[in-house]
J.: 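I'd like to ask you about the structure that follows.
Below, each value reflects all heavy atoms present in this structure, side chains not excepted, and no hydrogens, waters or symmetry copies. Throughout, a chain's letter reflects where its sequence line sits, starting with A, and its residues are numbered from 1. Predicted model, so just to flag it, every value in this text is computed and none were measured.
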Amino acid sequence: MTNAVKEYSLAELMIVAGAEAFRNDGEVLATGIGLLPRLAASLAMKTFNPDLMMTDSEAFLLSEPNPVSGRKSHAGQKQETWMGFTRIFDNVWSGKRHAMVGPSQIDRFGQSNISALGGSYDKPKSQMLGARGFPGNSISHANSFFVPSHNKRVFVEGECDVVCSIGYNPARLPKGYSLDEVDIRLVITDLCVMDWQGPRHMLQLRSLHPGVTVEQVLENTGFEIHVPANVPVTAAPTQEQMEIIAQLDPQNWRAKQLKDNPPGNRA
Amino acid sequence: MNKVQTAQQAVARIQSGMTIGIGGWGPRRKPMALIRELLRSDVKDLTVVAYGGADVGMLCAAGKVKKLVFAFVSLDFIPLEPYFREARQNGAIQVSEIDEGMMLLGLRAAAWGVPFIPTRIGLGTDLVKVNSDLKIVGSPYDDKEWVAMPALNLDVALIHADRADARGVCQIKGPDIYMDEWFARAAKHTIVSCDELVDTEHFHQGDEARYVFWERSMTGTVVPIAGGAHPSSCNPLYGYDSAHFNEYCAAAKDGGFGAYFDKYIAGKTEAEYQAAVGGLDKIRSLPLPVY
């Protein structure tokens, strides 16, 4: 891109790459769980997909995304309808939503886990949140994954310890369903962008962040991924995108999301 | 009809082995004064249904829970609830893990008097493998399989509202009512604590009645307790007490829940509890969260 900036953080690169997940969504609720995914969805809504819908993370749908930092109250936000939790589920089950979530584990089928790790189900080694909305989200609407630290503890060798979301796993396919009904979109990590469009829904490399090698990705992924013949470099943020990100996050909370706030270009 | 009781009178209705539902969501508008009263009782072996926060953590830590029906237990700004984790990691409680939306369906099924509601939720995941409460059924209308989310029939529901009158007309003015109306409808008996007890005339003014989300026949008991949601929030009256939640969580590593219980709950009245956390004025001045 001609007006790409030279200086940007890895967080900003991941926000811009994450925004791409929502580009062709049309009129759906974009939900980014966590600060960087929320900025990604907000950036998409502020630029190439103004038809997106977004909540105030509490109980209203907004015509304009709220900044993620620098606000003292919800007063004055551009709300367009009430969207309490009961209505969130009506939206989820309608399918008109795309969530970007950060699981603790992702396996080769695109199944994910936020519930518990290790031990047995009745006595896990590490209890986490519980399955939350992952089961319903994953069978109802599009989901993308956001992984701040790409490693084999996240991209696990076997299946997830607790499978919280449906993936492209033939052995678990419910009767009457086809794997093509499962809709897992992009995986944004600190190393690369991937999707599930490889052969038989294999995870495939889509772009490498500047300065990252294919080998680095393979070494840090616990299962085989598809590497196409040509893998482009993830597009750097444009000047316009950087300005909008700064407006959406005036207090630069994005700089505190990744350890040591590394630069986007690690070449 | 006068449904007003003290917390002690109201909670005396709850007996060991019952299934109770708790309104609110994570750190938001939890009936914490009623929970504290329950913690002081000798009730045990409860089945608890909740969008869990410290309510669930405390009940687990105090050994009150036999079985937990949950999608998460979290304080949001502190993602992992330490006492719930401890109970799980010790294998101390039975669980029925479901999705957030499934809990809504289960409460609705109970409210509507049907045994289950069919849903896609859970298919293809471990929930249908590890949770024996969830059965897969066929449909008379298609060839797909469906999860039959069972009715979550509650003996008692505990809810905190902004205000109520003595007849059980309850008002919630926060931006979200969470699933409270469905907890109220799913229970044989609903106990509502409220920040303010008002005259019925309150609801006749302006659009006050628009903030009433279930009819009074669904409210069994009204317990006026100003600040009764503390340390959770009761937006717009007060936010959650993050400093207190931090202390509560830190106790898990230093002294355990027993130390927290002895300091704030054991043998104390609610007035003494509030004095120990800084007083009602301080509770009422806790800032509302900005997301």
J.: Determine, step by step, whether Ser126(A) and Arg85(B) satisfy the side chain to side chain donor-acceptor pair (under 3.5 Å) criterion, reporting the C-alpha distance in whole Å, the side-chain angles of both residues, the deciding distance to 0.1 Å, and the verdict.
T.: CA-CA 7 Å; Ser126(A) 177; Arg85(B) 296 192 83 194; 2.7 Å; yes

J.: Quick one: which of Ala171(A), Gly136(A), Gly118(A), Gly84(A) has the most heavy-atom pairs under 4.5 Å with chain B, could you say?
T.: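 Highest number of heavy-atom pairs under 4.5 Å: Gly136(A).
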
J.: At a 4.5 Å cut-off on heavy atoms, which part of Phe134(A) comes close to chain B: side chain, backbone, both, or neither?
T.: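 For Phe134(A), the contact with chain B is made by the backbone alone.
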
J.: Between Leu80(B), Ile93(B), Thr125(B), which shows the greatest number of heavy-atom pairs under 4.5 Å with chain A?
T.: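 Looking at each option in turn, the highest pair count goes to Thr125(B).
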
J.: Can you tell whether the side chains of Asp195(B) and Arg284(B) come within less than 4.0 Å, N to carboxylate O?
T.: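 Looking at Arg284(B) together with Asp195(B), the answer is yes, because their closest N to O distance falls below 4.0 Å.
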
J.: Under 4.5 Å heavy-atom distance to chain A, tell me which part of Tyr178(B) shows up: side chain, backbone, both or neither.
T.: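 Interface part for Tyr178(B): both.
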
J.: Can you say whether Tyr121(A) sits under 4.5 Å from chain B via the side chain, the backbone, both, or neither, judging by heavy atoms?
T.: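 It is both, since atoms from each part get that close.
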
J.: Which bit of Ser165(A) comes within less than 4.5 Å of chain B, counting heavy atoms only: side chain, backbone, both or neither?
T.: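 Backbone of Ser165(A) only, per the 4.5 Å heavy-atom cut-off to chain B.
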
J.: Measuring heavy-atom distances to chain B, does Trp93(A) have an atom under 4.5 Å in its side chain, in its backbone, in both, or in neither?
T.: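 Both backbone and side chain.
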
J.: Top residue by heavy-atom pair count (under 4.5 Å) with chain A, among Val130(B), Leu104(B), Asn235(B), Leu288(B)?
T.: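 Top option by heavy-atom pairs under 4.5 Å: Val130(B).
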
J.: Among Ile177(B), Thr119(B), Leu105(B), Ile136(B), single out the residue with the greatest number of heavy-atom pairs under 4.5 Å to chain A.
T.: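 Of Ile177(B), Thr119(B), Leu105(B), Ile136(B), Leu105(B) has the most heavy-atom pairs under 4.5 Å with chain A.
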
J.: Could you check which of Val162(A), Leu173(A), Val182(A) has the highest count of heavy-atom pairs closer than 4.5 Å to chain B?
T.: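 Ranked by heavy-atom pairs under 4.5 Å with chain B, first place is Val162(A).
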
J.: Supply the atom-to-atom distance Met100(A) CE to Leu36(A) CG, rounded to the nearest 0.5 angstrom.
T.: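 Rounded to the nearest 0.5 Å, the CE-CG separation comes to 10.5 Å.
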
J.: Taking NZ, NE, NH1 and NH2 as the nitrogens, is one of them in Arg185(A) or Asp25(A) under 4.0 Å from a carboxylate oxygen of the other?
T.: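 Answer for the salt bridge query: yes.
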
J.: Please classify the contact of Phe85(A) with chain B as side chain, backbone, both or neither, using a heavy-atom distance under 4.5 Å.
T.: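 Its backbone and side chain both get close to chain B.
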
J.: Under 4.5 Å from any heavy atom of chain A, what part of Val95(B) do you find: side chain, backbone, both or neither?
T.: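 Side chain only.
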
J.: Can you tell whether the side chains of Asp133(B) and Lys67(B) come within less than 4.0 Å, N to carboxylate O?
T.: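 The answer is yes: the pair qualifies as a salt bridge.
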
J.: Please report the C-alpha distance between Asp180(B) and His160(B) in whole Å, then the side-chain angles of each, then the deciding distance to 0.1 Å, and finally whether the side chain to side chain donor-acceptor pair (under 3.5 Å) criterion is met.
T.: CA-CA 9 Å; Asp180(B) 286 9; His160(B) 187 80; over 6 Å; no

J.: Shorter than 4.5 Å, heavy atoms on both sides: which option in Gln111(A), Glu159(A), Lys125(A) has the most such pairs with chain B?
T.: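 Top option by heavy-atom pairs under 4.5 Å: Lys125(A).
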
J.: If you measure from the Lys or Arg side-chain nitrogens to the Asp or Glu carboxylate oxygens, is any gap between Arg108(B) and Glu181(B) under 4.0 Å?
T.: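 Answer for the salt bridge query: no.
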
J.: Can you tell me how far the CD atom of Gln171(B) sits from the CZ atom of Arg163(B), to the nearest 0.5 Å?
T.: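 Reported value, rounded in 0.5 Å steps: 5.0 Å.
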
J.: Please classify the contact of Asp56(A) with chain B as side chain, backbone, both or neither, using a heavy-atom distance under 4.5 Å.
T.: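 The backbone, not the side chain.
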
J.: Between Asp76(B) and Arg28(B), does any NZ, NE, NH1 or NH2 come within less than 4.0 Å of an OD or OE carboxylate oxygen?
T.: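 Yes, charged N to carboxylate O under 4.0 Å.
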
J.: When you check the gap from the basic side-chain N to the acidic O, do Lys46(A) and Glu64(A) get nearer than 4.0 Å?
T.: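 Salt bridge flag = yes for Glu64(A) with Lys46(A).
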
J.: If we define contacts as heavy-atom pairs under 4.5 Å, which of Val92(A), Val163(A), Ile166(A) has the most with chain B?
T.: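 It is Val163(A).
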
J.: Quick one: of Ile98(B), Asp99(B), Ile121(B), who has the most non-hydrogen atom pairs under 4.5 Å with chain A?
T.: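 Among the listed options, the one with the most contacts to chain A is Asp99(B).
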
J.: Charged N to carboxylate O below 4.0 Å: is that the case for Lys173(B) and Asp162(B)?
T.: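 Looking at Asp162(B) together with Lys173(B), the answer is no, because their closest N to O distance does not fall below 4.0 Å.
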
J.: Please rank Trp182(B), Tyr51(B), Phe84(B), Tyr291(B) by heavy-atom pairs under 4.5 Å with chain A and give me the top one.
T.: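 That would be Tyr291(B).
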
J.: For Arg87(A), which atoms come within 4.5 Å of any heavy atom of chain B: side chain, backbone, both, or neither?
T.: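 For Arg87(A), neither part sits under 4.5 Å from chain B.
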
J.: Side chains of Met194(A) and Phe145(A), heavy atoms from C-beta outward: is any pair under 4.5 Å?
T.: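 No. Closest side-chain heavy atoms not under 4.5 Å.
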
J.: Using a cut-off of under 4.5 Å on heavy-atom pairs, state which of Ser69(A), Ser120(A), Ser115(A) scores highest against chain B.
T.: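 Option with the greatest count: Ser115(A).
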
J.: When heavy-atom pairs shorter than 4.5 Å are enumerated against chain B, which of Gly176(A), Gly130(A), Pro135(A) gives the highest number?
T.: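 It is Pro135(A).
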
